[in-house]
Protein chains: 2
Amino acid sequence: MTTPPTSRRARPAKAPLSRDVIVRTGLEILDRDGLDALTMRRVAKELDTGPASLYVYVANRDDLMTAMLDAALAQVPVAAEGTWQERLRALMAAATEAMSRHEGLAAVALGAIPTGDNALLVLDRMLALLKEGGLDDTTAGWAVDLLFLHVAAAAAEQSVYNTKDIGKVDAITAADRRYASLPADEYPMITALRASLFAHGDRGTWHLNVLINGILHTPAR
Amino acid sequence: MTTPPTSRRARPAKAPLSRDVIVRTGLEILDRDGLDALTMRRVAKELDTGPASLYVYVANRDDLMTAMLDAALAQVPVAAEGTWQERLRALMAAATEAMSRHEGLAAVALGAIPTGDNALLVLDRMLALLKEGGLDDTTAGWAVDLLFLHVAAAAAEQSVYNTKDIGKVDAITAADRRYASLPADEYPMITALRASLFAHGDRGTWHLNVLINGILHTPAR
DNA sequence: CTAGGTAACGAACGCTGTTCGTGTCAAACG
DNA sequence: CGTTTGACACGAACAGCGTTCGTTACCTAG
């Protein structure tokens with residue numbers, strides 16, 4: 001009936017919708033305004049359309065976030081040089097970084113066996129490095145499970161500090177104060193070791209070393 | 001103006017609201033009907049009241065879930081006998097079990113340094129066991145970080161299978177089929193080791209052993 | 001120039017978390 | 001015994017959400 005104010009033909013060359021631009025737009029919104037801002041309506045508005053239009057390319061919000069996760073994992077670079085352990089550490093650190101940079105994406109990875117193209121590429125490289133380290137097939141298979149789980153978990157933890165309004169330092173000092181006010185009779189170890197609990201240092205790298213050393217010292221079966 | 005159909009005095013002795021009954025009701029709903037059903041309105045209805053009434057005892061939905069997490073962690077028993085390693089494994093398995101039994105609670109734990117009373121009790125017992133194992137303070141402090149992270153992550157992964165309509169076996173066979181259809185040139189290791197990736201066995205216990213062995217073989221600094 | 005198939009859309013449904021102002025009751029006080 | 005008080009509970013409403021439905025506008029093939 002009523003013609004729209006500007007006919008679609010006259011519009012300034014709107015980029016056509018596609019799964020890719022939707023995913024990219026989602027990542028932009030996530031990075032700029034956080035997880036709460038990542039709504040279907042918001043993505044649609046950014047693309048100058050209505051929410052309904054997105055559902056041609058994306059099954060639902062979860063599907064969108066899964067796709068966004070895999071897009072983020074495409075950024076993980078291939079570690080080039082060093083021993084297999086060094087390259088494995090670099091790979092895991094990079095994967096953690098890539099996932100933690102976008103709030104909420106790591107949580108998606110924790111909820112499902114990875115099946116995205118780029119997630120599987122990371123997994124494949126992990127397996128190659130473990131085999132290079134001389135592990136047998138079963139141990140290597142179980143190890144990637146553990147390593148991927150740790151990467152996702154570390155990223156989930158990191159992303160909270162990366163994105164929340166509150167900084168990491170604030171959160172730590174707040175926790176430190178909480179621990180300091182605990183009754184020593186109910187929480188003797190925390191009270192005694194409080195200084196060590198919050199001792200600074202590169203925990204992330206130490207965690208990776210623990211995992212690698214543990215895997216090497218724990219044959220499956 | 002209009003008198004309500006039954007005056008409040010005449011009602012059949014409605015149990016008074018309190019933070020505790022709200023948290024307990026929340027856990028019941030979560031266990032019975034899943035995370036999506038855990039809405040403020042649903043909790044209120046279960047308690048025969050309106051949503052607004054809950055906000056006297058609970059700051060918001062996140063606050064409720066945090067309280068629910070700590071309530072769930074109260075169920076973690078104290079391991080009695082065995083070596084320190086056996087007791088540590090039992091403690092971690094129990095904590096994982098407690099968190100994974102209630103969908104979505106593990107995700108809460110991943111998002112914050114634990115400060116709940118019962119979470120701290122678990123943490124305190126972990127520390128005691130690590131010290132019993134002869135670790136120095138710094139290593140023990142960093143180790144609880146890693147162990148708690150793993151517990152939360154393992155619980156988050158578990159809870160998906162525990163609660164989703166889809167069973168764990170279904171998810172695995174689906175992933176297996178996906179892996180089987182991968183191009184061997186792009187994913188050589190996954191293709192070659194697919195059988196080992198899905199080999200059954202007690203991965204959970206192996207993971208715990210890896211962590212413990214790794215911690216023992218990786219002094220901080 | 002017309003027909004057809006598909007991508008895009010506007011509007012709506014049934015929810016959600018949270019807030020505000022009002023009502024109601026039991027206990028404390030004069 | 002009558003009144004005041006203050007805390008708790010509640011109804012209603014707001015703004016927003018994910019998702020679906022039926023219709024429209026468009027490009028392409030005939």
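Quick note on labels: first sequence line is chain A, next is B, and so on, each numbered from 1. Only this structure's heavy atoms are used, side chains among them; waters, hydrogens and symmetry mates stay out.
- Heavy-atom contacts from other residues, nucleotides or ligands closer than 6.0 Å to CG of B:Asp36 number 12 or fewer.
- Using a cutoff of 4.0 Å between basic side-chain nitrogens and carboxylate oxygens, A:Arg101 and A:Asp31 are not scored as salt-bridged.
- The heavy-atom pair separating B:Leu208 from B:Ala93 by the smallest distance is CD1-N, 4.5 Å.
- For A:Ser53, the side-chain atoms get nearest to C:dA8 when compared with the rest of C:dT18, C:dA8, D:dT19.
- Checked against the 6.0 Å centroid threshold, B:Tyr179 and B:Phe198 count as a close aromatic pair.
- Nearest-nucleotide positions on DNA chain D for B:Pro51 and B:Ser18 put B:Ser18 closer to the 5' end.
- The CG-C1' distance, from A:Asp62 to D:dC17, rounds to 14 Å in whole Å.
- For A:Arg41 and D:dG16, a side-chain-to-base donor-acceptor distance below 3.5 Å is absent, hydrogens and geometry of angles not being considered.
- Considering only side-chain N and O atoms, B:Tyr57 lies nowhere under 4.0 angstrom from the phosphate OP1 or OP2 of D:dC8.
- For DNA chain D, none of the residues of residues 22-39 of chain B falls under the heavy-atom distance limit of 4.0 Å.
- The side chain of A:Leu17 sits closest to C:dA8 out of C:dA8, C:dT18, D:dG18.
- One interatomic measurement links the two molecules: CG of B:Asp63 to P of C:dG17, which rounds to 14 Å at whole-angstrom precision.
- In this structure, B:Tyr55 does not reach the D:dA9 phosphate: none of its side-chain N or O atoms is under 4.0 Å from OP1 or OP2.
- Here D:dT20 presents its P atom at 15 Å from CZ of A:Arg61, a figure rounded to the nearest Å.
- The nearest pair of heavy atoms linking B:Gly116 to A:Arg178 is C-NH2, 4.0 Å.
- Between A:Arg203 and A:Glu157 no salt bridge is recorded (no basic side-chain N to carboxylate O distance below 4.0 Å).
- The B:Ala52 side chain lies nearest to C:dC20 when the options are C:dA8, C:dC20, C:dT18.
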